[in-house]
There are 2 protein chains.
Amino acid sequence: MDRNDMDKVVSLKRLKVACRACSLAQLCLPVGASRDDIERLDAIIKRRRPLRRGEHLYRTGDRFHSVYLVRSGSIKSCVPTDRGQEQVTGFHLPGELVGLDAIHVEEHHCGAVALETTSMCEVPFPQLESLAGQVPGLQRQMHRLMSREVLRDHEHLLMLGKRNAEERLVTFLITLSNRFHERGYSAVEFRLSMSRGDIGNYLGLAVETVSRLFTRLQGQGCISVDRKLVQLREPERLRMLAGVRPLEPDPRSYHGQRS
Amino acid sequence: MDRNDMDKVVSLKRLKVACRACSLAQLCLPVGASRDDIERLDAIIKRRRPLRRGEHLYRTGDRFHSVYLVRSGSIKSCVPTDRGQEQVTGFHLPGELVGLDAIHVEEHHCGAVALETTSMCEVPFPQLESLAGQVPGLQRQMHRLMSREVLRDHEHLLMLGKRNAEERLVTFLITLSNRFHERGYSAVEFRLSMSRGDIGNYLGLAVETVSRLFTRLQGQGCISVDRKLVQLREPERLRMLAGVRPLEPDPRSYHGQRS
DNA sequence: CAGATTCATTGACTGGGATCAAATTTCACC
DNA sequence: GGTGAAATTTGATCCCAGTCAATGAATCTG
């Protein structure tokens, strides 16, 4: 049995898990839904073959027909620039909804790529909308998830607009830590499924800067890093580094602060 | 009749305009709705007293109960940092929906401030959700508007993550130009309702940098600026400056590009 | 398992934009 | 219409993070 077959077995096992039995249900679309409603949701969800690392879930310009719930693994979203660059706009962990950006013009404006072997549930959007019209709880939860997307983007904007390199990386680590914790994983030790390049891109920093910061933070004893594995050694100190600062002596105006 | 009274007369006149007679209907919630549906929407919308420059529509932490449609004037949204700074996350023009960010936790995480005398329609969210459940077209339009918000934020992220100061300002001007044009105003001459400080904050630049860039662009003849009034003299050249670049000689990898 | 390719780290150097400072203009409010 | 506060502009200087370069570690491929 080679690697490929292994994946299949694991994934088929996962595919059988219905919403009502899914450990992610409390983070996902069915939050607060009744048993009956969950079964109706179950009925429209398609289980998909898992993606392998680097495979696209969809690309910029693809026609929009479904949103996707990450079941295991992780996904990055990227928007392309006019010139061939791209900006990573987010990383998506299990229980999170991917593809919401596309509703506006029925076309994906950002691409989604698996960062590791990743399985998810596909939810055809027209059917989801129709069901949401009948099930107020589902509609509400959809709105909350979309709104959370906006909230995340605003935090991200704040990061790029107002924080320096160190604050960005530390904030990134703390945020990841919180998200892992919510999902029942350790808050102080986790694996980064994305490359240094992805992190730098997401944070608006050069790869070299990310690497230097990891080294420096490790030297200071705040964290320890071994390849993709990160441990937060002094979460409190990290929280300080992330932005809580001694008050400015004279905060009468914008002066003395970053734009 | 002083300035104050003038405002009142104008606003009262505006207040009478129902959705079915509103010139913004094609940009706003009622897009594609039937006459009957528009009347139902009309029934739940509250007209509000216009805000004056600097007044808050809502503040960070306020309880969420309504979303708002800008009718005339303009609004900025800001998220606060831990330390007392803030990041401007967007400017909202007539026909745009404000307050969508708050659905997630039933509380506004960003504040909204009028940049000039601004009138809008208030739409109580529970009633909007309930109506959307009955009117598929309205539900769809709501989703599109929320999705557009995400799309805008992604463009903004791309701006802060990948563009230099000049590209940011020029892109900002072009985007504004397009939005004014959609609303039936001139695409080449418009008034900036926000301060240089707001622009800098939005673009992740210092006020001084924004000012210098305006001066430089004017010196190059691309634009002319007089206080708040901007004219785009050479839209084509601006589009070049915004990002369309001669191709890199050897784009084999990420090297030679910004992170 | 060897070679190739991508990814990560480290060092040296540079420059774009922030910061500091100050003059000038604009605007809001009596 | 005058006055004080706020906004804008301009100049001088500095520094953080980007760029370039090179080496080393990890991972893919046949």
Which nucleotide sits closest to the side chain of [X]: [options]?
X: A:S211; options: D:dT8, C:dT10, C:dG17; result: C:dT10
X: B:E208; options: C:dA21, C:dT9, C:dG17; result: C:dA21
X: B:A206; options: C:dG17, C:dA18, C:dA12; result: C:dA18

At under 4.0 Å, does any side-chain N or O of A:S195 touch on OP1 or OP2 of C:dT6?
no
With a cut-off of less than 4.0 Å, is there a side-chain N or O of A:T209 near OP1 or OP2 of D:dA17?
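Negative; the distance criterion is not met.
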Side-chain contact, heavy-atom cut-off 4.5 Å: B:F91 with B:L176?
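Side chain of B:F91 against side chain of B:L176, heavy atoms only: no contact under 4.5 Å found.
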Under 3.5 Å, N/O pairs linking protein and nucleotides 24-30 of chain D:
none

Would you tabulate the pairs of protein nitrogen or oxygen atoms and nucleotide nitrogen or oxygen atoms of nucleotides 1-6 of chain D closer than 3.5 angstrom?
none

Give a yes or no on whether a salt bridge exists between B:R152 and B:E96, defined as a side-chain N under 4.0 angstrom from a carboxylate O.
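Counted as a salt bridge, because a side-chain N and a carboxylate O are separated by less than 4.0 Å.
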SB check B:E167 A:R83 (cutoff 4.0 Å)
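Salt bridge present between B:E167 and A:R83.
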Check whether the side chain of A:R212 and the base of D:dT19 form a donor-acceptor pair under 3.5 Å.
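Yes, the side chain and the base share a sub-3.5 Å donor-acceptor pair.
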Qualifying residue, where the test is side chain to side chain contact (heavy atoms under 4.5 Å, CB included) with A:L169 and the options are A:N164, A:L203, A:I174:
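Per the side chain to side chain contact (heavy atoms under 4.5 Å, CB included) rule, the option paired with A:L169 is A:L203, out of A:N164, A:L203, A:I174.
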